[in-house]
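Structure first, then comments.
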Amino acid sequence: MQTDSSFTFVLFGGTGDLSMRKILPALYEAHRAGMLADSGKIVGVARHEADRAGYIEWVNGHVKPYVSKDGLDEAVWERFLARIEYVKLDLSKAEDFVLLRDAVNKLSGTRVFYLATGPSLFVPICHALASVGLNENARIVLEKPLGYDLQSSNAINDAVGEIFAEEQIYRIDHYLGKEPVQNLLALRFGNALFEPLWRREWVESIQITIAEELGVEARGDFYDNTGALRDMVQNHLLQLLSIVAMEPPHSMDSDSVRDEKLRVLRALKPIDPRDIQRVAVRGQYHAGVIRGTAVPAYATEPGVKKDSTTETFVALKVEIENWRWAGVPFFLRTGKRLADRVAEIVVNFRPVPHSALGPTALRPGANRLVIRLQPNETIRLYCLAKQPGEGMNLASVHLDLAFDQFFRENQMEAYQRLLLDVINGRLALFVRRDEQEAAWRWVEPILNDWAAANKAPKPYAAGTWGPAAASAMLAQHGTCWLEEEN
Ligand code: BG6
């Protein structure tokens, strides 16, 4: 559906990696699908290119390879380029913001300022926008990481909040834009079937994994000062957890959904520093082999300190202190250079209370729901069935829902959905300040403990599933990670 409103989309960091790989390709896809108002304009803002011609050349050279993998229609691409304007801007020069204002004032529609820059630039850019009156009737999009800890994230939010009202601020967590994450809401709140079972009486444990095969790529410098807890847990994993565990919202409007997520984040059992060894595992990859290719150790990646103690893997046991979930362990896990690229949620239901059919029915995980978010979105419900033949032997079988077989249309990329939401003023899939604070508050004791200990994380070979301690943590609860079954 085309946006009804025109827009002016101003992209700071217009020649950065994110603009190249995600934002401009997503805008192109929205354009190609006819979802952007014809009069909508994109204004690239950067320091490097001298003028529009230079910027268009950069877009042609750098962005084109990332769009429409199934063939690019040159005419459509040309029309996309026609939407693009450019402003060369040096952040330290007030007069450059005057030029930006003049350029933007010539254009019509909803104003969006997308800050695809490092977080240290968020506040200066907001101040400079306000100094030329560009904060009025505008939306501002902030990319993660938003801060380094609770204090620095509060400092950014306070400063940005003096210039933009909360309803003008769109904090991106791209996981919230993924189709399968949307589907999780549909599964939970569009079907009465699961709801009665979705609670402590029937659920034994839940696992949420985001595993990557990739290492730190060209981002060693950034990553080495960040680590997996800040990069993935504080945001993506805790957002997924809050969607899995939230109460049914009253409606899908932005605050109803975000209020319910916030309740979960606030109900996370605080981590007692004395318990951290027991409930948190941190690892760092060493050299190894992934799908037959040798890959180097994290500490030898460009930009990474040789004696780095930054974690590239985290596994956590989390508890939620409310009636629905008290006592149910949620195991969260993420890591780079793991054996597979997979993001999935595993809900292990309790076994039958008494088995007349032998011990198989008493096995943990005999009934389990596996929601695979990527790759190949599927939902799989495991049950026990009788094996054909003599006797009563039970075997695990599953019901499968493969989305690509049901729906032929292409999935919309997360960024495409989120950018359209910004343009159309829909806040539901963006993180509200209080959610973000609650998430930082919860991870803070772990961050502090790890920083104080300054100990090397547990090593794991690239191409494995992380340190053995992550398995031991689950074993204490009589369970194991999904891939360890059998
Ligand atoms: C980003 C992290 O937010 O998410 C990256 O900064 C990570 O380190 C990426 O690789 C994973 O996203 P996706 O969509 O590829 O699972």
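A quick note: this is a predicted structure, and the numbers were derived from the prediction, not measured. First listed ligand is number 1; within each ligand, the first listed atom is number 1.
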Contacting atoms of ligand 1, where contact means under 4.0 angstrom from a heavy atom of Lys144: 1 (C), 2 (C), 3 (O), 6 (O)

Atom 15 (O) of ligand 1: nearest protein contact (heavy atom, Å): Arg341 NH2, 4.0 Å

Shortest protein contact, atom 12 (O) of ligand 1 (heavy atom only): His174 NE2, 3.1 Å

Short side-chain donor-acceptor distance under 3.5 Å, Arg372 and Thr378: no

N-O pairing of Arg230 and Asp149 below 4.0 Å: no

Region of Tyr175 engaging ligand 1 - heavy atom pairs below 4.0 Å: side chain

Atoms of ligand 1, numbered as shown, that sit under 4.0 Å from any heavy atom of Gln374: 13 (P), 16 (O)

Under 4.0 Å to a heavy atom of Asp231 - the qualifying atoms of ligand 1, by number: 2 (C), 5 (C), 6 (O), 8 (O)

Per-atom contacts, ligand 1 versus Lys336 - under 4.0 Å to a heavy atom: 5 (C), 7 (C), 8 (O), 10 (O)

Short side-chain donor-acceptor distance under 3.5 Å, Asn60 and Trp77: yes

Among Glu166, Glu435, Glu143, salt bridge (Lys or Arg N to Asp or Glu O under 4.0 Å) partner for Arg171: Glu166

Element-labelled atoms of ligand 1 that are located less than 4.0 Å from some non-hydrogen atom of Lys178: 13 (P), 14 (O), 16 (O)

Salt-bridge present (Arg433, Asp158; N to O < 4.0 Å): yes

Name of the residue among Glu301, Glu311, Lys336 meeting side chain to side chain donor-acceptor pair (under 3.5 Å) with Tyr285: Glu301

Salt-bridge contact Arg368-Glu204 (side-chain N to carboxylate O under 4.0 Å): no

Nitrogen or oxygen of Tyr223 less than 3.5 angstrom from that of ligand 1: no

Selected option - heavy-atom contact closest to atom 5 (C) of ligand 1, from His236, Glu413, Glu212, Arg219: Arg219

